[in-house]
Number of protein chains: 2
Amino acid sequence: MKKETRKEEIIKVAAALFKEKGYSAVTMRDIATDMDMKAASLYNHISSKQDILKDIIIKLAEAFTNGLTKIKNSQATSLEKMEAIVALHIKITSSNTDGMASLNNDWMHLEEKLEYYLKLRLDYEDDIRFIIKDGVFKKEITAVSVDVILFSVLSTLRSLYLWIPKKEDLNPEKLAKELSKVLINGIAI
Amino acid sequence: MKKETRKEEIIKVAAALFKEKGYSAVTMRDIATDMDMKAASLYNHISSKQDILKDIIIKLAEAFTNGLTKIKNSQATSLEKMEAIVALHIKITSSNTDGMASLNNDWMHLEEKLEYYLKLRLDYEDDIRFIIKDGVFKKEITAVSVDVILFSVLSTLRSLYLWIPKKEDLNPEKLAKELSKVLINGIAI
DNA sequence: TTAACTAACTAACGATTGTTAGTTTAATAA
DNA sequence: TTATTAAACTAACAATCGTTAGTTAGTTAA
């Protein structure tokens, strides 16, 4: 029960198609064509189209949750934690930009796992909101609306999947440094 | 307060459904159900499903292009222009959050109008990139990567459609002020 | 009144959808 | 050798898709 390479290939090919056209617009025959096989043959490896989406999204969502847990339990300052969150998003996203497209755009088609996903996402946002609030309290972060800060930072990080593939020469550490600088210090001189 | 035409009603209902499930997952029968009619009756008012999407997206894309043209031809400083761009996005997005979901997520299904849309989007990004470059040259904007700044700002503005509907008491001017402050001055004290 | 128009309807179309059943082929294990 | 297994195949299914054709009822214009 460990011969999952073929299954993983299918999921990878499917994720690329899901990014290009969206989950609903991709047919099992599309995935099969890119795998050089017939649609029915896919079912030797996966149990349903739905199951492919679940695999893609839940794995990524749990990676974010696990990454954030380490950060929030660390001894870093609030701003250092924000920098670590930026680095976490760059690390996970650059390892799977296709899958991140599904996570961002097709989570509503999860059905059985939808509730679980929504809980992970809500908890994730709450944890970051707490880090920001703590930063404001400790006078590390400006006292403009916490929600505006949360929204602004998270929107940028959640869009990385669109942008990272365009940078052919990606240096994750350099990007993390520059992006942290822009998000934390702004763009004004 | 002129009465909406039947076609406009359909487009509005369709946009709400497109936001909820994505263009491909919405059927003509879904739209008809929400309009309290049969799917075939929709064709007395619209020519195709595709045409609904085109109406939604192109109208918005042109509104952005027109708005940015005024800003770039103004005498404002680079930072003032950036603030005006923030306000432009808030204004257009808050007037049609449903449509903005299609613009962001379903543009790839435009078919005949796809090329035109892509040109508008590319020109839009180039215009903002120029404003940022000019700001760096005039020492109003920090000399970190222009693309990182462009990406960060535009990602946030393009995600407004997800966030504005959650703020039941939206004050566009106040939001523009706060968001500009966060994007331009950052979050650090 | 008559004619034209608007906006709904029923019925159905060919195409495509995700998926199942049963079969075949080649490689590996006994 | 024989048996087993993995991974492909063909054929087909019921359901659903966007859309068309033709009809009907109510409203407006002449």
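So that the names make sense, note that chain A is the first sequence line, chain B the second, and so on, each numbered from 1.
- The pair A/Lys12-A/Glu9 fails the salt-bridge criterion, with no side-chain N (NZ, NE, NH1 or NH2) lying under 4.0 Å from an Asp/Glu carboxylate O.
- One interatomic measurement links the two molecules: NZ of A/Lys21 to C1' of C/dT16, which rounds to 12 Å at whole-angstrom precision.
- Distance CG (B/Leu42) to C1' (D/dA21): 16 Å, rounded to an integer number of Å.
- At D/dA6, none of the side-chain N or O atoms of A/His45 fall inside 4.0 Å of OP1 or OP2 (strictly under the cut-off).
- When the C1' atom of C/dA8 is taken as reference, atom NZ of B/Lys7 falls 18 Å away, rounded to whole Å.
- For a distance-only test at 3.5 Å, the side chain of A/Asn44 fails to qualify as a donor-acceptor partner of the base of D/dA6.
- Across the protein-nucleic acid pair, A/Met28 atom CE and D/dA8 atom P stand 13 Å apart, rounded to whole Å.
- The distance from the CD1 atom of B/Ile149 to the CD1 atom of B/Ile128 is 12.5 Å, given to the nearest 0.5 Å.
- Atom CD1 in A/Ile31 sits roughly 17 Å away from atom P in C/dT16 (whole-Å rounding).
- Within the structure, every side-chain polar atom (N or O) of A/Lys38 is placed at least 4.0 Å from both OP1 and OP2 of D/dC9.
- Counting non-hydrogen atoms under 4.0 angstrom, B/Ser41 reaches a base of the nucleic acid.
- One interatomic measurement links the two molecules: CD1 of A/Ile46 to P of D/dA7, which rounds to 14 Å at whole-angstrom precision.
- Protein atom NZ of B/Lys49 is 12 Å distant from nucleotide atom C1' of D/dT19, rounded to whole Å.
- Closest of all the heavy-atom pairs between A/Arg129 and A/Asp147 is NE-OD1, 3.1 Å.
- Remark: C1' of D/dG22 and OH of B/Tyr43 are 17 Å apart, rounded to the nearest angstrom.
- The structure places CG of B/Leu68 at 5.0 Å from OH of B/Tyr124, a figure rounded to the nearest 0.5 Å.
- Remark on DNA chain C: of its neighbouring residues B/Met37 and A/Arg29, the 5'-side contact belongs to B/Met37, judged by nearest-heavy-atom nucleotide.
- B/Arg6 comes within 4.0 angstrom of the backbone, heavy atoms only, and of no base.
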